[in-house]
Novice: 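Here it is: the structure, laid out below.
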Amino acid sequence: MQKTTILQVNQLNSYYTKGSKVFGKKNATQVLKDVNFELYRGEVLGVVGESGSGKSTLAKVILGITNEYEGSIVHNSLRPQMVFQDPYASLNPAFTVERILEEPLLIYGKYGKEERKRRVMEMLENVGLSEEHLKRKPRELSGGQRQRVSIAAAMIVHPQLLILDEAVSALDVTIQAQILDLLIRLKKEHNLSYLFISHDLNVVYQCCDRVLVMKDGEVVEENTVDGIFDKPQHEYTKQLLESAQ
Amino acid sequence: MKYFTKKLFTLIITLFIVSLLAFLAFQVIPADVVTSRLGTNATPEQIAIMKEQMGLNRPVFVRYFEWLSNFLQGDMGNSYVYDMPVNEMIAQKLPISATLILLACAMTVTFSIPIGIFLARHAGGIFDRFMTVLNQVFMSIPPVFLGILLFGVTLTIYPPEFSLHYSENFWMLILFMILPALSIAISRISMTVKLLRTSLLDEMDKNYIKTAYSRGHSRGSALRQHALKNAILPVVVFIAVSAAEMVVASIIIEQVFAISGIGRLLIASIASRDFLVVQAIVVLLATWVVTVNFLADILVQYIDPRVRLD
Amino acid sequence: MIEVDEESGNFAMKNKGISSIFQGKNVFFRIGSVITGALVFLICLSTVWLPYSPTQMDATAKLNAPSFLHLFGTDHLGRDIFSRVMEGAGNTLLIATCVVLIGCIIGTLIGSLTGYFGGMADIVLMRVCDSITAFPSVLLALVMVMLLGRGKYQIILILGILFIPSFARVVRGEVARQRNLNYIYSAKLMGAGHARIIFYHILPNTISVLLPTISIGFNNAVLAEASMSYLGVGVQKPDTSLGGMLAEAQSYLTSAPYYAIFIGLVIVLMILGFSMLGEGLSRNNATN
Amino acid sequence: MLDVYDLHVKFHNAKQEKEAVKGINLHMDDGEILGLVGESGSGKTVTAMAISGLINRSQATCTGEILLDGVDILSCDRDCLRKLQGKDIGVVFQEPVSFMNPVKTIGKQIEESLVIHSNMTPAERKERVLYVMSAVELPNPEQVYHKYPHELSGGMLQRAMIAGALMTRPKLLLCDEPTTALDVTIQAQIIQLLKRVNKEFKIGILFISHDLNVVRKLCDRVVVMYHGEIVEEGKTDEVFYHPREEYTKRLISAIPTRKKRS
């Protein structure tokens, strides 16, 4: 079937300016160097690298959260969303779970009260939570439950692209496995595409179709997941594979 | 050292801005100066002549620099009310106020640090709870009320004539100043004690204290050798802020104890709209505030290596 | 409930936010609210009913000691001290409330805008706020009195303006902290506009930081008003205020010490109530 | 070297009581590397804290026996505990940055246990510190001695922590998730370092972690804990390749390894 590109990134460079932005790029450090890649509909693209490789900045730049970059980012997806690593900082502490899930619908503004309530309940069950979690605040949820709520909040607007920035790294192994299963199920049901960012090669192997290996802001290798794991080309990829063995 | 010079530079700049602001603030009311000298029914011509005489209609900046250069040489102009050099009036009263404020600062530092450490050391339990509430009460007693109470005490214990010429010799001055300084310092001491106690207890919960325990430290030695140096940082800054706030308390206490210091002179000059005196005192007090903050910055930079970096 | 914090091995007490103040044994908050509540009630009552009219002089009862008739005794003109103190306290509280309102509303506005948008305005405004808060507010107030004159309304305006920076700084710090948290990014991705993010997402979380600042603001406002009125640059003659009465009472220290003591006690109670309230609120923030 | 008999640890405050460790028995021979594995809430860190005497006795009560070469840690009072901590037991914690005092130099913090437990002169101490710093492969020890924690990388700080724990040649080195906060490549180096330290200094290591891959590469024997109880114990290869208990099987199968998720 003909692959439609959901996201296209070419010649992407980004600088992090220490000190205030007002005085220009005083002592700017280059965070992303000439990054190019494409993401197709229904595909999971893994982005692997150690801390400081620029993978989180890449995610923020793609979604326009930080706009200090050069190069072009072509979006061909509706309402891209993001799920973050730290389950404790990604939900508004003042809101109840119900309010968190209802907020995107309120912003969208097309649905009446019942319609919103129905969609919230439907999405809650979809991510494996239930009625009793509705009135709870983020503080009263476990890490795994919080991550489910943030996934639900991202999914409720029916995005076509979901960027997962280390979305499972802060969770225990058993809960990690459940969240990964949930993500794969949702991908199949809604023909989603994921940009799956992680430092854990084994997790990436399990659920990604293609992989980008990043080091110091550069894409050092790009290949299918089997290509990367079975016949790594770049020296750094080999080193990563070896230490994660 | 780079940090030191940078800080010194900002100190001078701030002083410059403060004196400019003080000067500009008083330019807004020159008219009153003239009418107060000539009386309200002065004719416009007389006002114009007087203004000319006092050089009030030259551009503001020219007057500012002229005032600043005189000020730095000690000539702060003449008081409108007493027609004597302002610097003489201030020079007479400054030592008295300085003793009062410095004594109060000394009390704050010497009492609050040991008490704070003691309370943190014996935290928990009935005694600690009682002391915390007591501390909170002392914190809420405003210097003006405490001053009046202690003033009542001075009336009874000090012989009447003593309070008339206390400023003769140094020791009599110190003896007299103990109670006024105490009434300024007590609420500050209790605030500093509370801050130091909480800051120490916060540091004791930090992870590096666990490492200290794992190396064989007791709670006391871990507190003294590890937590104290970190906990003292916010306290140093607070003491600098307190030194500034105590200036206000000293103005009030001078009023309560009828001490003829610059505080009382300031209030009197405000009432009699004697601008040059008010302006000079304000700039003097501002210099004290800025200098104390500067010293605190240097001390913090000396203690905390991370600050030295930027 | 107890949750054993696995990594550090010590248990962490988790409770449920503002509502937890009342069950938890937050001693400071309880004592604070009792004292402040009692004082505010008495003052509201005094606007409606007072044992004596504050200005009614009774020539026969000059400088009487506290008795059943005159709870706090009478002053040198035979006026009932209790009624005058209550009226004075009312004025002081009114002034403090207006000052805190001005400071809080304008301060929060400035703080949230500069904190959220940052840039040049943020840097300049914060430098200005820092320099104003570095100076004791009463010192600046004394200077401003010369420009704006004395009296109740002038003092409200002066102290109100001087209290804006402290609120602005607290709100700005909190807003700037929240601005780059993940849930704000998510809100942006969902298409929420700046206004919606500030008022619906950021401010509800800022209230918990603002409450202790407000009660400490009251504490300082009462203190500042009392000091300035004592020095004679605050509230002027026909209006009464605790600070002004304290100055009068001082001259009768030897003959009628109870006069000054009762006035002073009411001031202490006011400050104690607000400072305990503030302490209770900030402790509650720390635990959850 | 280390024997733990029927250890219970109960956390209590005014209203509630929660038992984090429900009666466990452990045994470690001299120079052995024992892995203590489990998910968060399994009680593995609490056990480690109890063994190293770091549990705050006002918040929790420990019953049972912890014998380090015959001395029962639980029954001895504060002073005898203090003689033990830092001398016979060295501890390495999880994230080096927060477990180091930010305002004291690295050298001063490493020599801490020597200052408390030995009466060496400052010169002798400094020489000893530099020796151990090079033993843990800290580059140019002379300069690092005077540096502050915020000037070093995570990996370097962790090596300084290990040096600090080894100063008095303790019998037992207790490591609480020492590699979790580090990058994968540095993690591997720290594991090699711990292996070398175990052989060279003949020090038993109790290694606590939730990362089963790291435990598999480092430990001789493994103990699996779940909700405060020991679920399984045995040689590392035994436990990893043919686990007996149901929970261990699930734990090992959950390790993200090289197989596709359905």
Side-chain angles (χ1 to χ4, degrees), chain B residues 1-3 113 117 120-129 196 199-237 296-310, chain D residues 45 48-49 51-59 78-106 108-118 146-151 157 160-161 164-165 167-168 170 173-176:
Chain B
M1 273 324 281
K2 188 172 78 57
Y3 181 82
I113 293 182
I117 295 174
R121 187 84 178 68
H122 301 279
I126 307 299
F127 173 72
D128 178 50
R129 187 166 299 284
L196 179 57
S199 173
L200 266 172
L201 291 179
D202 287 350
E203 290 300 320
M204 286 303 279
D205 289 342
K206 293 259 176 73
N207 286 334
Y208 65 86
I209 295 292
K210 233 181 224 107
T211 319
Y213 284 142
S214 79
R215 298 278 160 73
H217 270 289
S218 66
R219 179 178 153 83
S221 59
L223 187 137
R224 269 191 310 280
Q225 287 169 26
H226 283 278
L228 186 57
K229 206 172 173 201
N230 287 284
I232 211 77
L233 292 169
V235 174
V236 166
V237 172
D297 272 354
I298 297 304
L299 201 55
V300 163
Q301 176 251 333
Y302 170 74
I303 296 172
D304 185 349
R306 288 167 295 188
V307 170
R308 222 169 283 163
L309 253 179
D310 65 19
Chain D
T45 303
M49 291 299 140
I51 292 171
S52 56
L54 287 173
I55 282 198
N56 180 338
R57 290 188 175 171
S58 61
Q59 285 175 351
R78 259 184 218 296
D79 306 334
C80 114
L81 193 64
R82 202 148 307 127
K83 289 199 193 62
L84 232 38
Q85 288 171 323
K87 187 164 169 306
D88 296 339
I89 308 173
V91 181
V92 176
F93 292 93
Q94 183 169 353
E95 337 109 51
V97 177
S98 73
F99 278 90
M100 287 281 240
N101 187 338
V103 291
K104 285 185 109 165
T105 60
I106 298 286
K108 277 277 170 297
Q109 298 195 48
I110 292 182
E111 70 176 16
E112 197 101 54
S113 40
L114 274 185
V115 171
I116 295 170
H117 294 290
S118 80
H146 299 291
K147 283 221 163 90
Y148 285 92
H150 65 277
E151 293 169 295
L157 274 177
M161 280 285 283
M167 282 318 286
T168 53
L173 181 64
L174 201 140
C175 306
D176 181 7

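Since this is a predicted model, take the numbers as computed values, not measurements. Quick note on labels: first sequence line is chain A, next is B, and so on, each numbered from 1. Because only heavy atoms are used, hydrogens play no part in the values below, and waters and symmetry mates are left out as well, while side chains stay in.
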Novice: With a 4.5 Å heavy-atom cut-off (strictly below), which parts of residues 216-225 of chain B touch chain D? List them by number.
Specialist: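 Residues of residues 216-225 of chain B touching chain D at under 4.5 Å: Gly216(B), His217(B), Ser218(B), Gln225(B).
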
Novice: So which residue, Met100(D), Glu95(D), Arg82(D), Lys104(D), ends up with the most heavy-atom pairs under 4.5 Å with chain B?
Specialist: Arg82(D)

Novice: For Met167(D), is it the side chain, the backbone, both or neither that has a heavy atom under 4.5 Å from a heavy atom of chain B?
Specialist: neither

Novice: I'd like to know if the side chain of Thr211(B) reaches the main chain of Phe99(D), judged simply by a donor and an acceptor atom lying under 3.5 Å from each other, with no hydrogens or angles considered.
Specialist: yes

Novice: Is there a side-chain contact between Phe93(D) and Ser214(B) (heavy atoms, below 4.5 Å)?
Specialist: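 Yes, side chains in contact.
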
Novice: Which heavy atom in Met161(D) sits nearest to a heavy atom in Arg215(B), and how many Å separate them?
Specialist: O-NH2, 3.4 Å

Novice: For Pro102(D) and Pro305(B), work out which heavy atoms get closest and say how close.
Specialist: O-CG, 3.6 Å

Novice: Is it the backbone or the side chain of Leu54(D) that comes under 4.5 Å from a heavy atom of chain B, or both, or neither?
Specialist: side chain

Novice: Select one option (side chain, backbone, both, neither) describing which atoms of Ser52(D) are under 4.5 Å from chain B's heavy atoms.
Specialist: neither

Novice: Sequence neighbours left out, what passes side-chain hydrogen bond (donor to acceptor under 3.5 Å, both in side chains) with Asp297(B)? Give chain and number order.
Specialist: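 With sequence neighbours excluded, Asp297(B) shows a side-chain hydrogen bond (donor to acceptor under 3.5 Å, both in side chains) to Lys7(B), given in chain and number order.
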
Novice: Could you tell me the separation between the OH atom of Tyr213(B) and the CG atom of Leu81(D), rounded to the nearest 0.5 Å?
Specialist: 11.5 Å

